[in-house]
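These notes concern the structure reproduced below.
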Amino acid sequence: MRSQLTSYLAKLFAGDLAAFGGPATDDAVAGHIRAEQMSLVLGYSVGIMLANACNAAVLAIALWHSPDWKFAMVWAIAVAGAAILFGVQSHSARRITKPQFVSRRAMHRLVRNAFILGSAWGIVPVAFFANASTGGQLVITCLCAGMLAGGAFAFATIPIAAIAFTTPLFLGIGICLGSGGDPAYPLMAVLVVVYGSVLLRGVFVNSFTFMRRIMRQLDAERSVRQDPLTHLPNRFAFNETLDAALKRLALSGEEFAVLLLDLDRFKEVNDKFGHPAGDEFLVQVASRLQRCTRAAEHVARIGGDEFALVMANLTRAEDALEIAERFVTAFAEPFLIEDREIIGGTSVGIVLAPRDGDTQLNLLKHADAALYRAKKAGPGTICFFEATDDKSARDRKALQSDLELAVARDELFLVFQPFLSLRENRITGFEALLRWKHPVRGLVPPSEFIPIAEETGLIHEIGEWVIRRACATLKDWPDHIRVAVNFSAAQFHNTGILQTIVRALADANVAPSRLEIEITESILLSKYGSASSTLNALLQLGVTVALDDFGTGFSSLTYLRKLPFSRIKIDQSFISDMLAQPDCAAIVKSVIALARDLNIGVVAEGVETADQLEYLRQTNCDEVQGYLISRPASAEQVLALLDPKKQRATYAA
């Protein structure tokens with residue numbers, strides 16, 4: 001009972017209309033309504049405070065010859081000074097961008113100030129009316145009536161503030177009328193009661209109308225500013241919040257932080273369990289992230305798996321770090337989705353304004369750079385922006401621009417690493433490996449430019465070039481030699497990929513059976529129909545398909561059972577450790593035996609020693625690949641490697 005009373009009083013003095021029988025609202029909506037109410041009060045306050053100062057001066061003049069003139073002068077100076085000071089503060093506050101959220105505490109202060117101002121005017125009829133002249137009494141009457149009307153107007157949307165302001169005035173007038181002996185006073189008291197009732201009724205009617213209008217406005221804006229899946233603010237709303245924070249920074253110097261988050265395993269969840277599970281994952285993530293923030297702040301979903309937060313009124317960088325740590329900790333417990341436990345994670349990049357920028361473009365660019373460094377460091381990493389991030393981002397942007405021209409400038413080229421058949425002791429094919437010789441940087445590692453190509457969509461143009469160049473090179477090799485080309489996820493799910501392969505084979509006049517497409521498990525979607533149809537189309541064309549990096553992903557056996565692969569490639573991490581670690585040796589043996597039972601070829605990657613080669617011979621592995629056989633060679637060097645005499649001398653058991 002006591003807690004209910006406390007809750008009711010808290011709502012009452014926060015201006016919540018639910019305390020007067022209005023519709024209940026959550027904290028976010030109530031805070032937004034308070035912001036609109038406060039904005040209106042601040043809009044009126046400058047004029048009303050000037051009126052207060054004027055009224056105090058008029059009262060002092062009217063009571064100049066009264067016995068209470070000294071007290072009246074002190075009162076008038078105090079009220080006029082306070083009104084002018086409050087008016088200046090209100091004017092400064094009005095220049096700052098209107099807040100989107102106002103706390104209960106701020107509304108409590110407003111109600112308290114309204115009561116203090118009302119009490120100051122409530123003193124007037126009690127202290128000065130009896131000893132004033134007839135003219136003075138007339139001035140007091142007019143002033144009290146005017147202040148009642150002005151207060152009701154100023155707080156027309158906040159009933160509790162209107163009551164707090166007018167109640168002391170009504171009490172003061174009541175005491176004054178009750179102590180007088182004139183028979184007209186009871187009639188005046190009746191008029192005051194009627195007048196007050198009309199005023200308060202008008203306040204309540206206006207307040208409820210105002211509240212309903214704001215709630216309708218919020219509902220309308222929700223569709224524009226709210227993400228339909230998570231119900232968080234969307235990118236549009238986030239940009240508005242960021243713009244408002246930048247305006248407050250320019251006007252009042254209020255510092256803030258921007259936190260950018262990226263989910264570390266969202267794509268894996270989407271690919272493994274399907275898009276409905278991915279959507280549910282995002283909904284649960286949004287709920288956890290929102291619980292980590294302050295009531296006035298809202299995490300926004302600004303992209304597929306990207307979230308952001310503008311942390312206003314920042315006093316120290318540690319506050320932003322604390323929120324970021326809460327975000328990371330929110331992923332400690334697994335997510336329960338479709339009766340499965342899914343482990344999630346996030347990385348966070350943080351920028352501080354104005355230290356790291358004072359424009360939206362700079363802040364978001366720097367936040368993205370900090371997030372990129374955090375993601376490279378691993379899941380759960382938090383990084384503040386550093387100057388080196390900006391240089392790294394510029395270098396990355398420059399590399400992207402150069403990569404766009406690399407094909408036209410003929411800077412890309414292929415090298416070929418052979419597959420050796422252990423039964424025939426001869427080379428049966430080559431894997432085409434992409435290289436980029438930058439005119440200034442020299443050789444750029446594929447680990448640097450391939451991710452950029454995938455992110456920007458350049459991978460499609462580059463991938464088509466690789467297929468065409470590989471097929472064109474293949475036509476000069478013996479007919480029993482094949483070439484393998486690696487495909488990324490973006491290429492594999494491109495609807496035009498089949499046409500690209502058909503054209504490349506036709507232009508080079510090469511048999512489809514001599515082309516092999518290598519894909520990794522990360523490419524495959526949980527909806528096997530899509531992947532299977534593409535793979536089957538390749539097989540019908542006569543192209544073979546290999547599953548690369550076997551054993552490093554998930555659900556490998558499921559893929560082997562459901563999808564038509566011609567070969568699997570055992571990842572080099574198992575090959576490098578198989579002679580030293582029995583578990584790796586057991587895995588290699590089991591994979592080779594399984595592939596033989598399924599009638600699938602096996603290639604062992606990363607063979608670097610003669611002992612590894614001999615072990616693989618004994619386990620009946622089909623083919624091997626690695627530096628022991630040959631380092632990647634140019635197209636011109638391949639013909640020398642294919643010399644039958646050289647092969648027999650080099651690869652004989």
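All residue numbers refer to positions in the sequence shown, counting from 1.
- In this structure the side chain of Leu263 reaches within 4.5 angstrom of the side chain of Leu282, judged on heavy atoms.
- Taking CE of Met311 as the start and CD1 of Ile350 as the end, the distance is 9.0 Å to the nearest 0.5 Å.
- Counting only heavy atoms from C-beta outward, the side chains of Asp571 and Glu605 approach each other to under 4.5 Å.
- Side chains of Gln290 and Ser287: a donor-acceptor N/O pair is absent below 3.5 angstrom, by distance only.
- Seen from the ring of Tyr627, Arg631 counts as a face-on cation partner, given the 6.0 Å and 45° thresholds.
- The local environment of CD in Glu333 is sparse, with at most 12 non-hydrogen atoms from other residues, nucleotides or ligands closer than 6.0 Å.
- For the atom pair CD1 of Ile570 and CG of Leu547, the computed distance is 11.5 Å after rounding to the nearest 0.5 Å.
- Side chain of Gln612 to backbone of Glu608: a donor-acceptor contact under 3.5 angstrom is found.
- In terms of heavy atoms, Ala511 sits closest to Leu505 at O-CD2, 4.2 Å.
- Proximity of Glu623 to Ile629: side-chain heavy atoms (C-beta onward) are nowhere separated by under 4.5 Å.
- In terms of modelled atom types and a separation under 3.5 Å, the side chain of Gln637 and the main chain of Ser634 share a donor-acceptor contact.
- Judged by distance alone, the side chains of Ser566 and Glu516 never bring a donor and an acceptor atom under 3.5 Å apart.
- Using a cut-off of 4.0 Å between Lys/Arg side-chain N and Asp/Glu carboxylate O, Arg567 and Glu431 are scored as not salt-bridged.
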message = side-chain contact (heavy atoms from CB on, under 4.5 Å) for Leu261 and Glu306? Distances and angles first, verdict last.
response = CA-CA 6 Å; Leu261 295 81; Glu306 277 194 331; over 6 Å; no
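- Side-chain contact between Leu498 and Leu538 is present, with heavy atoms from C-beta onward closer than 4.5 Å.
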Tell me which donor-acceptor pairs under 3.5 Å the side chains of residues 575-594 have, and how far apart each pair is, sequence neighbours excluded?
residue : atom : partner : partner atom : Å
Ser576  : OG   : Gln572  : O            : 3.2
Ser576  : OG   : Ser573  : O            : 3.1
Ser590  : OG   : Ala586  : O            : 2.8

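- Two residues are said to be in side-chain contact when any heavy atoms from C-beta on lie closer than 4.5 Å; Cys621 and Leu422 meet this criterion.
- Listed here is the closest heavy atom pair of Trp477 and Leu639: CD1-CD2, 3.9 Å.
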message = I'd like to know whether Leu371 forms a side-chain contact (heavy atoms from CB on, under 4.5 Å) with Ser347, so could you lay out the CA-CA distance, the side-chain angles of the two residues, the decisive distance to 0.1 Å, and finally the verdict.
response = CA-CA 7 Å; Leu371 176 61; Ser347 304; 4.1 Å; yes
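- A donor-acceptor distance shorter than 3.5 angstrom exists from the side chain of Thr346 to the backbone of Asp262, with no hydrogens or angles considered.
- One distance of note links CD of Glu636 with OG1 of Thr473; it measures 8.5 Å at 0.5 Å rounding.
- You'll find the side chain of Pro446 reaches within 4.5 Å of the side chain of Arg435, heavy atoms only.
- For the side chain to side chain donor-acceptor pair (under 3.5 Å) condition, the pairs that include at least one residue of residues 436-445, sequence neighbours left out, are Asp402-His438, Glu411-Trp436.
- Of the inter-residue distances, the one linking Asn234 atom CG with Ile302 atom CD1 reads 10.5 Å to the nearest 0.5 angstrom.
- Pairing each heavy atom of Gly357 with each of Asn362, the nearest pair is CA-CB, 4.4 Å.
- The backbone N or O of Asp356 lies less than 3.5 Å from a partner atom in the side chain of His366, making a donor-acceptor pair.
- Asp264 and Lys375 are not joined by a salt bridge, as no carboxylate oxygen comes within less than 4.0 angstrom of a charged side-chain nitrogen.
- Residues Leu352 and Phe385 form no side-chain contact, since every pair of their non-hydrogen atoms from C-beta on lies 4.5 Å or further apart.
- Note that CD1 of Ile467 and CD1 of Ile501 are 5.0 Å apart. Values are rounded to the nearest 0.5 Å.
- Ala484 and Glu518 get closest at one heavy-atom pair: CB-OE2, 3.5 Å.
- For the pair Ala508 and Cys471, the tightest heavy-atom approach, listed with the atom from each and the gap, is CB-O, 3.4 Å.
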ask   = Yes or no on side-chain contact (heavy atoms from CB on, under 4.5 Å) for Leu458 and Glu461, after CA distance, side-chain angles and deciding distance?
value = CA-CA 6 Å; Leu458 289 170; Glu461 179 186 356; 4.2 Å; yes
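- Smallest separation of non-hydrogen atoms from Val299 and Pro233: O-CD, 3.2 Å.
- Without hydrogens or angle criteria, Arg301 side chain to Thr230 main chain gives no donor-acceptor distance under 3.5 Å.
- Using a distance-only test at 3.5 Å, with no hydrogens or angles considered, a donor-acceptor pair links the side chain of Arg514 to the main chain of Ile481.
- Within the 3.5 Å criterion, the main-chain N or O of Phe413 finds no donor-acceptor partner in the side chain of Arg469.
- Aromatic ring orientation, Phe281 versus Phe335: perpendicular (interplanar angle above 60°, classes split at 30° and 60°).
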request  = Could you go through the side-chain contact (heavy atoms from CB on, under 4.5 Å) check for Leu515 and Val483 one step at a time?
outcome  = CA-CA 5 Å; Leu515 176 63; Val483 67; 4.0 Å; yes
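- The closest side-chain heavy-atom distance from Leu414 to Phe430 is not below 4.5 Å.
- With respect to Val415, the side-chain contact (heavy atoms from CB on, under 4.5 Å) criterion is satisfied by exactly one of Leu434, Leu433, Val638: Leu433.
- The local environment of CG in Asn509 is sparse, with at most 12 non-hydrogen atoms from other residues, nucleotides or ligands closer than 6.0 Å.
- Note that the CZ atom of Phe487 and the CD1 atom of Ile497 stand 3.5 Å from one another [nearest 0.5 Å].
- Of the possible polar contacts, one joining the Arg373 side chain to the Phe384 backbone as a donor-acceptor pair under 3.5 Å is found.
- The backbone N or O of Asn620 lies less than 3.5 Å from a partner atom in the side chain of Arg596, making a donor-acceptor pair.
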